[in-house]
Amino acid sequence: MGLKATYDKQGYVIIPGLIQPEEWDRLESACQRVIVRTRDGFWPHRRTLGSQFPPYDSKHPDSWGVQHLMHPDLQEASFVEWYTSPVLLEAVKELLGCEEGDLQMELLNLLINPISHDFALRWHRDDIPEDASMEDEQIGLSNWRYGVQWNTALYTDSCLFVVPGSHKIPRTELQRELSSGQIPESPLEMPESICLVLKPGESVFYNSNILHCAVYNSKEQRATLHGCIGDIRGGFSRARNILQHGLSWMKGPAFAQTLPEGPARMMLKNLIVMYDSTPPETLSKYSLKN
Ligand SMILES: O=C(O)CCC(=O)C(=O)O
Ligand SMILES: [Fe+2]
């Protein structure tokens, strides 16, 4: 089966080799710098322990993610260069079945291990609330075709668990019960769930509405690039999910000036068109609670 067929069937596919050998050291040292900056309290855009979705509680001292790696204040050019690199975008275009001109710039974050204690995210779908009716869940799943999310691990990563195939089917009674607010005791209690183990340099592309959860071990080093790209043929179907992260900085001249040659400018323009045309009621349709 080809990559796209596998992705469509399972809801995820693992692809190696999307960080070129000559990019690796630069990207890894940039990750190390932003991790230190975040843990030392000098980067406010972070995912904090205790919060599953934005807005993240700014008071918790420990972090499980660094937000907005492409933000101009970080001055780390390697992130936007990698995010718009030909090898990565080829994979994205193949999975979305779209042309370069359809690509919409979205998020690039870094997922890291907490240091004070372990943390976990409960079973969820990123853009469908846990209490959605079966009908709404089916509508949400059917419409969620215009973007792809991925995790690219710099170090072995065994944090993410998914139920293969669950990106197409509303939850069963049992899946609903196990995804209603509680942190799982063990993710493998969920029937048919698997751990998506990534080796260094491997990426998993996944439908972010697949039923998934994550477990963060404070003793195991994690630096996993976590991005997503949209397809403008989806209109503003992704607006709520993307814009909840606070992307007004992407509209300013400081960010535009950092963009490399290539498709980056067009991808940003596509994001801004969506941003500016999204009706406010679209943004408030669901409010995902922590
Ligand atoms: O840590 C991960 O790999 C998954 C994160 C996640 O599911 C989320 O941020 O919604
Ligand atoms: Fe998620």
Side-chain angles (χ1 to χ4, degrees), residues 11-15 31 35 38 45-57 60 62-69 106-115 117-130 132 137 140-141 144 147-164 166-167 171 175 178-184 187-188 190 193-200 202-218 220-229 238 240-247 286-290:
Y12 69 90
V13 64
I14 294 178
I15 306 181
C31 287
I35 291 172
T38 301
H45 307 293
R46 60 197 184 96
R47 299 182 177 202
T48 49
L49 267 61
S51 307
Q52 165 136 348
F53 295 111
Y56 301 103
D57 168 14
H60 200 291
D62 200 1
S63 309
W64 61 277
V66 182
Q67 296 286 86
H68 308 321
L69 297 183
E106 295 185 342
L107 310 170
L108 182 62
N109 300 316
L110 184 67
L111 300 176
I112 64 176
N113 58 293
I115 46 178
H117 58 84
D118 300 348
F119 181 53
L121 303 185
R122 59 183 167 71
W123 284 100
H124 66 282
R125 305 187 190 275
D126 281 5
D127 196 52
I128 298 177
E130 63 194 60
E137 193 166 347
L141 295 177
W144 197 244
V148 67
Q149 179 158 304
W150 71 91
N151 282 5
T152 300
L154 294 186
Y155 312 114
T156 299
D157 182 330
S158 48
C159 297
L160 180 64
F161 293 74
V162 303
V163 178
S166 61
H167 59 305
R171 287 164 298 168
Q175 287 174 333
L178 295 174
S179 62
S180 296
Q182 73 285 37
I183 297 281
L188 295 173
M190 178 66 90
S193 65
I194 59 166
C195 179
L196 286 180
V197 182
L198 298 177
K199 298 202 254 317
E202 284 184 336
S203 302
V204 61
F205 286 82
Y206 55 108
N207 177 320
S208 59
N209 273 336
I210 196 170
L211 197 53
H212 63 285
C213 76
V215 173
Y216 306 126
N217 181 334
S218 56
E220 258 174 42
Q221 185 181 28
R222 186 185 206 206
T224 291
L225 292 151
H226 179 63
C228 57
I229 286 183
R238 295 174 60 74
R240 175 183 52 235
N241 187 244
I242 300 308
L243 299 178
Q244 66 176 335
H245 288 266
L247 299 185
Y286 293 141
S287 105
L288 292 168
K289 295 192 196 67
N290 293 317

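When a ligand or atom number is given, it counts from 1 through the structure's own listing order.
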*Asks:* Do the side chain of Asn113 and the main chain of Asn217 share a donor and acceptor less than 3.5 angstrom apart?
*Replies:* no
*Asks:* Could you see which bit of Thr224 sits under 4.0 Å from ligand 1, with heavy atoms only: side chain, backbone, both or neither?
*Replies:* neither
*Asks:* Working to the nearest 0.5 angstrom, can you tell me the gap between Ser208 OG and His167 NE2?
*Replies:* 11.5 Å
*Asks:* Can you tell me which portion of Gln52 lies within the under-4.0 Å heavy-atom range of ligand 1? Options are side chain, backbone, both, or neither.
*Replies:* neither
*Asks:* Rounded to the nearest 0.5 Å, what separation is found between the CG atom of Leu196 and the OG atom of Ser158?
*Replies:* 10.5 Å
*Asks:* Give the total of protein N/O/S atoms at a distance below 2.8 Å from the Fe ion (ligand 2).
*Replies:* 3
*Asks:* Is a side-chain donor-acceptor pair under 3.5 Å present for Asn151 with His226?
*Replies:* yes
*Asks:* Got a donor-acceptor contact below 3.5 angstrom from the Glu106 side chain to the Ile242 backbone?
*Replies:* no
*Asks:* Can you pull out the closest protein heavy atom to atom 8 (C) of ligand 1? Residue, atom name and distance to 0.1 Å, please.
*Replies:* Leu121 CD1, 3.7 Å
*Asks:* So if I count the atoms of ligand 1 from 1 in the order they appear, which ones are less than 4.0 Å from some heavy atom of Trp64?
*Replies:* 9 (O)
*Asks:* Return yes if a side-chain donor-acceptor contact under 3.5 Å exists between Asn109 and Gln67, otherwise no.
*Replies:* yes
*Asks:* Please report which non-hydrogen protein atom sits nearest to atom 9 (O) of ligand 1, along with the residue it belongs to and the distance in Å to one decimal place.
*Replies:* Arg47 NH1, 2.8 Å
*Asks:* Do any nitrogen or oxygen atoms of His226 come within less than 3.5 Å of a nitrogen or oxygen of ligand 1?
*Replies:* no
*Asks:* So is there a nitrogen or oxygen of His212 less than 3.5 Å from a nitrogen or oxygen in ligand 1?
*Replies:* yes
*Asks:* Decide whether the shortest distance between a heavy atom of Arg222 and an atom of ligand 1 is less than 4.0 Å.
*Replies:* yes
*Asks:* Using the side-chain contact (heavy atoms from CB on, under 4.5 Å) rule, pick out the option among Gln52, Arg46, Arg47 that qualifies with Trp64.
*Replies:* Arg47
*Asks:* Side chain of Ser166, backbone of Leu211: donor and acceptor closer than 3.5 Å?
*Replies:* yes
*Asks:* Using a strict 4.0 Å cut-off to heavy atoms of Tyr216, name the atoms of ligand 1 that fall inside it.
*Replies:* 1 (O), 2 (C), 4 (C), 5 (C)
*Asks:* Is the side chain of Ser193 donor-acceptor paired with the backbone N or O of Phe161 at a distance under 3.5 Å, no angle test?
*Replies:* no
*Asks:* If the cut-off is 4.0 Å to any non-hydrogen atom of Asp126, which atoms of ligand 1 fall inside it?
*Replies:* 10 (O)
*Asks:* Side chains of His124 and Asp126: do they bring a donor and an acceptor to under 3.5 Å?
*Replies:* yes
*Asks:* For Leu111, counting its heavy atoms only, list the atoms of ligand 1 lying under 4.0 Å from any of them.
*Replies:* 1 (O), 2 (C), 3 (O)
*Asks:* Please find out if less than 6.0 Å separates the ring center of His212 from that of Tyr12.
*Replies:* no
